[in-house]
2 protein chains.
Amino acid sequence: MKHDLNDYCYLFFSTFSNPTRLGIVEQLREGPKNVTQLSEVLNQEQSMISHNLKPLIRCHFVLVEKKWREHVYSLNEETMRPLFKIIDSHVEKYCPMKGKCKR
Amino acid sequence: MKHDLNDYCYLFFSTFSNPTRLGIVEQLREGPKNVTQLSEVLNQEQSMISHNLKPLIRCHFVLVEKKWREHVYSLNEETMRPLFKIIDSHVEKYCPMKGKCKR
DNA sequence: ATATAATATGAAATATTCTTCATATGAGAA
DNA sequence: TTCTCATATGAAGAATATTTCATATTATAT
């Protein structure tokens, strides 16, 4: 059924459509981290990080590994790498102001 | 400055993070259309279509061509095609329930 | 100049999504 | 068991985004 497309795309895009979650992704690009570390480096409450990790994990953009009593989060590079590549080249070509364009 | 990444990615993703706009994109995948046609096929008010076309155009995901007194909108295939390819393969691999996964 | 068709815009009302705070859970150490 | 560290969760208030409705604009035809 064609309408599915709309549903799963919405979930896909809306998951990234949040500054905190993009901050998490940006941090995880530099390597795996646990909640406490993300919380420190992003200077946000721990509960906020947890809340925002959830949708990223649900969509498998972020993977979890349980180590001792901590949870280590990392990026699903297989999806994220080509995704960011597309964004970068789109922005490169069409958005000289890089997101600061007039509303 | 590194924070740019976050900014332009947010604009990129949030532009798609809306069912009406995804509906427009879905329709335009089948070929160029004007506002009135989109409005009819999506069964939405004309002003709603116009409002939602705006962010798609601003980000150059949708291109406009002015013909007589109508405006013809079409997809920027260069960006959209690879983008949907990534989403499709991600969903194929990780989301057997295609967007209907538990919240 | 006026009428009409196609599209765009502003602003208020509505809906959706986020953040915060308090608290719960879970796993290991003492 | 009890304590502590690490993380998760629920729910209310706050912030954002979307939809609607009335109206404006723009281009063309008469």
Side-chain angles (χ1 to χ4, degrees), chain A residues 6-28 32-74 99 101-103, chain B residues 6-28 32-74 99 101-103:
Chain A
N6 221 299
D7 290 344
Y8 67 76
C9 287
Y10 180 76
L11 197 51
F12 190 101
F13 290 118
S14 63
T15 296
F16 289 113
S17 178
N18 171 295
T20 304
R21 292 197 285 275
L22 287 172
I24 291 174
V25 168
E26 193 175 350
Q27 282 306 317
L28 294 183
K33 292 189 178 47
N34 65 27
V35 175
T36 307
Q37 291 171 312
L38 286 168
S39 171
E40 280 163 6
V41 70
L42 291 171
N43 201 40
Q44 301 270 283
E45 294 224 352
Q46 170 269 313
S47 70
M48 171 144 193
I49 302 297
S50 283
H51 276 307
N52 281 291
L53 273 168
K54 188 146 64 179
L56 289 167
I57 293 162
R58 169 168 44 116
C59 284
H60 301 86
F61 298 138
V62 164
L63 312 171
V64 202
E65 194 198 352
K66 282 162 196 179
K67 261 185 157 184
W68 295 96
R69 68 172 114 177
E70 68 180 350
H71 297 185
V72 179
Y73 300 95
S74 62
C101 61
K102 71 226 167 289
R103 295 258 151 184
Chain B
N6 221 299
D7 290 344
Y8 67 75
C9 288
Y10 180 75
L11 198 52
F12 189 101
F13 290 119
S14 63
T15 297
F16 289 115
S17 178
N18 171 297
T20 304
R21 293 196 286 275
L22 287 173
I24 291 174
V25 168
E26 194 175 349
Q27 283 306 316
L28 294 182
K33 293 189 176 47
N34 66 25
V35 175
T36 308
Q37 292 172 310
L38 286 168
S39 170
E40 280 163 5
V41 69
L42 292 171
N43 200 42
Q44 302 270 282
E45 294 225 351
Q46 169 270 316
S47 72
M48 172 144 191
I49 302 296
S50 282
H51 276 305
N52 280 292
L53 272 169
K54 187 146 64 177
L56 289 168
I57 292 161
R58 168 168 44 115
C59 283
H60 302 86
F61 298 136
V62 163
L63 313 170
V64 202
E65 195 198 352
K66 281 161 196 179
K67 261 186 153 180
W68 297 97
R69 68 170 114 178
E70 68 180 349
H71 297 186
V72 179
Y73 300 95
S74 61
C101 60
K102 70 223 167 290
R103 293 260 152 184

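All values below were derived from every heavy atom in this structure, side-chain atoms included, with hydrogens, water molecules and symmetry-related copies excluded. Per chain, numbering begins at 1; letters A, B, ... match sequence-line order. Computed from a predicted model, the values in this text were never measured in an experiment.
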Any [X] side-chain nitrogen or oxygen under 4.0 Å from OP1 or OP2 of [N]:
| X | N | value |
| --- | --- | --- |
| B:Tyr73 | C:dA6 | no |
| A:Lys54 | D:dT9 | yes |
| A:Tyr10 | C:dT17 | yes |
| A:Thr36 | D:dC5 | no |

Could you tell me the separation between the [atom1] atom of [X] and the [atom2] atom of [Y], rounded to the nearest 0.5 Å?
| X | Y | atom1 | atom2 | result |
| --- | --- | --- | --- | --- |
| A:Leu53 | A:Met48 | CG | CE | 11.0 Å |
| B:Ile49 | B:Gln27 | CD1 | CD | 9.5 Å |
| B:Ile24 | B:Gln44 | CD1 | CD | 8.5 Å |
| A:His51 | A:Asn18 | NE2 | CG | 12.5 Å |

Just how far, in rounded Å, is [atom2] of [N] from [atom1] of [X]?
| X | N | atom1 | atom2 | answer |
| --- | --- | --- | --- | --- |
| A:Phe13 | C:dT17 | CZ | C1' | 18 Å |
| B:Leu38 | C:dA6 | CG | P | 14 Å |
| B:Glu40 | C:dA5 | CD | P | 14 Å |
| B:Glu70 | D:dA29 | CD | C1' | 16 Å |
| B:Asn34 | D:dT26 | CG | C1' | 15 Å |
| B:Leu53 | C:dT7 | CG | P | 10 Å |
| A:Asn18 | C:dT20 | CG | C1' | 15 Å |
| A:Phe16 | C:dT17 | CZ | P | 17 Å |

Exercise. With no hydrogens and no angle check, is any side-chain donor or acceptor of A:Gln37 less than 3.5 Å from a backbone partner on A:Asn34?
Worked result: yes
Exercise. Counting distance only, does the side-chain N/O of A:Arg21 pair as donor-acceptor with the main-chain N or O of A:Thr15 below 3.5 Å?
Worked result: yes
Exercise. Hey, what's the ring geometry for A:Phe13 with B:Phe13, parallel, tilted or perpendicular (30° and 60° as the breaks)?
Worked result: tilted
Exercise. Listed in order of residue number, which residues of residues 43-52 of chain B have a non-hydrogen atom at under 4.0 Å from DNA chain D?
Worked result: B:Glu45, B:Ser47, B:Met48, B:His51, B:Asn52
Problem set entry | B/S/- contact track for nucleotides 24-30 of chain C, protein heavy atom under 4.0 Å | ---B---
Exercise. Quick one: do the B:Thr36 and B:Glu40 side chains pair a donor with an acceptor below 3.5 Å?
Worked result: no
Exercise. Can you list the residues that meet the side-chain contact (heavy atoms from CB on, under 4.5 Å) rule with B:Leu63, with sequence neighbours excluded?
Worked result: B:Ser74, B:Asn76
